[in-house]
Amino acid sequence: QVRLVESGGGSVQAGGSLKLSCALSEPLPPGPRWWLGWFRQAPGKEREGVARVDIGGSPTYYADSVKGRFTISLDNAKTTLYLEMSNLSPGDSAVYYCAADASLTPWITSRAAARYWGQGTQVTVSS
């Protein structure tokens with residue numbers, strides 16, 4: 001069973017930057033066309049899909065709320081996923097989760113869980 005472990009969360013002031021990492025315990029099983037991505041959930045709000053990347057490195061998808069500020073990337077070994085976040089605002093405060101699946105359903109409905117899911121890392125942005 002592939003495990004995903006996020007790191008890099010913390011507290012920053014508005015306008016600051018953070019880089020999140022998600023380490024996979026092993027490569028994803030061959031065969032399916034996996035995507036890897038980041039979701040976030042703030043207290044009292046629905047889960048939001050933030051960014052995702054195809055296992056091949058492209059294409060990428062970004063939520064409108066983060067376009068131009070966040071960059072998702074995957075290392076060559078396909079075992080570490082990154083999310084570089086800049087120009088952060090209090091609205092970006094949430095628990096950030098990395099995830100992987102071959103189905104896009106988790107991006108369509110927040111009720112659907114991804115096949116693989118990390119435990120989350122807290123990002124807090126103060127004004």
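When reading the values below, keep in mind they use all heavy atoms of this one structure, side chains included, and skip hydrogens, waters and symmetry mates.
At a cut-off of 3.5 Å, with distance as the only test, a side-chain donor of Glu48 or Ser65 sits close to an acceptor on the other residue. For the residue pair Gln13 / Ser126, no side-chain donor-acceptor distance below 3.5 Å is found, with atom types taken as modelled.
Put simply, the side chain of Val95 does not reach to within 4.5 Å of the side chain of Gln41, judged on heavy atoms. Side-chain contact between Pro29 and Val2 is present, with heavy atoms from C-beta onward closer than 4.5 Å.
Rounding to the nearest 0.5 Å gives a distance of 7.5 Å between CD of Gln122 and OG of Ser11. Taken to the nearest 0.5 Å, the OG1 atom of Thr105 stands 13.5 Å off from the CZ atom of Arg111. Cys98 contributes atom SG, which lies 7.5 Å from atom CD of Gln119 (distance to the nearest 0.5 angstrom). To the nearest 0.5 Å, atom OG of residue Ser86 and atom CG of residue Asp92 are 9.5 Å apart. Taking CD1 of Ile72 as the reference point, atom OG of Ser58 lies at 12.0 Å (rounded to 0.5 Å).
Cluster membership check: Val66 does not share its hydrophobic cluster with Phe39, using side-chain heavy-atom separations under 4.5 Å among Ile, Leu, Val, Met, Phe, Trp and Tyr. Hydrophobic clustering (side-chain heavy atoms under 4.5 Å, transitive across Ile, Leu, Val, Met, Phe, Trp, Tyr) keeps Tyr97 apart from Val5. In this structure, Tyr116 is a member of the same hydrophobic cluster as Leu24, with clusters built from ILVMFWY side-chain heavy atoms closer than 4.5 Å. Placement of Val123 and Leu81 within a single hydrophobic cluster is found when ILVMFWY residues are connected by side-chain heavy-atom separations under 4.5 Å, directly or transitively. Cluster membership for Trp35 and Trp38, using ILVMFWY side-chain heavy atoms within less than 4.5 angstrom, is not shared.
Listed here is the closest heavy atom pair of Ala100 and Leu4: N-CD2, 4.1 Å. The two atoms that bring Ala113 and Arg47 nearest to each other are CA-NH1, 4.2 Å, heavy atoms only. Summarising the geometry of Gly8 relative to Leu18, their closest heavy-atom pair is O-CD2, 3.8 Å, with the distance given to 0.1 Å. Residues Leu74 and Asp54 come closest through the heavy atom pair CD2-O, 4.3 Å. Listed here is the closest heavy atom pair of Asn87 and Ser17: N-OG, 4.3 Å. Pro90 and Ser127 make their closest contact through CG-CB, 3.9 Å (heavy atoms, listed as atom of the first residue, atom of the second, distance).
Partner of Arg52 under the side-chain contact (heavy atoms from CB on, under 4.5 Å) criterion, chosen from Leu36, Asp101, Leu104, Thr60: Leu104.
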Would Met85 and Thr71 satisfy side-chain contact (heavy atoms from CB on, under 4.5 Å), going step by step from the backbone distance to the final call?
-> CA-CA 7 Å; Met85 307 183 294; Thr71 302; over 6 Å; no
Given the rule in the side-chain contact (heavy atoms from CB on, under 4.5 Å) test, do Lys78 and Trp34 qualify, once you have shown the distances and angles that lead to the verdict?
-> CA-CA 11 Å; Lys78 320 291 186 192; Trp34 302 101; over 6 Å; no
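Pairs of residues two or more places apart, or lying in two chains, never qualify as salt bridge (charged side-chain N to carboxylate O under 4.0 Å, His left out) while including a residue from residues 3-27. Among residues at least two apart or in separate chains, ring-ring contact (aromatic ring centres under 6.0 Å, His included) pairs with a member in residues 49-95 are Tyr61-Trp107.
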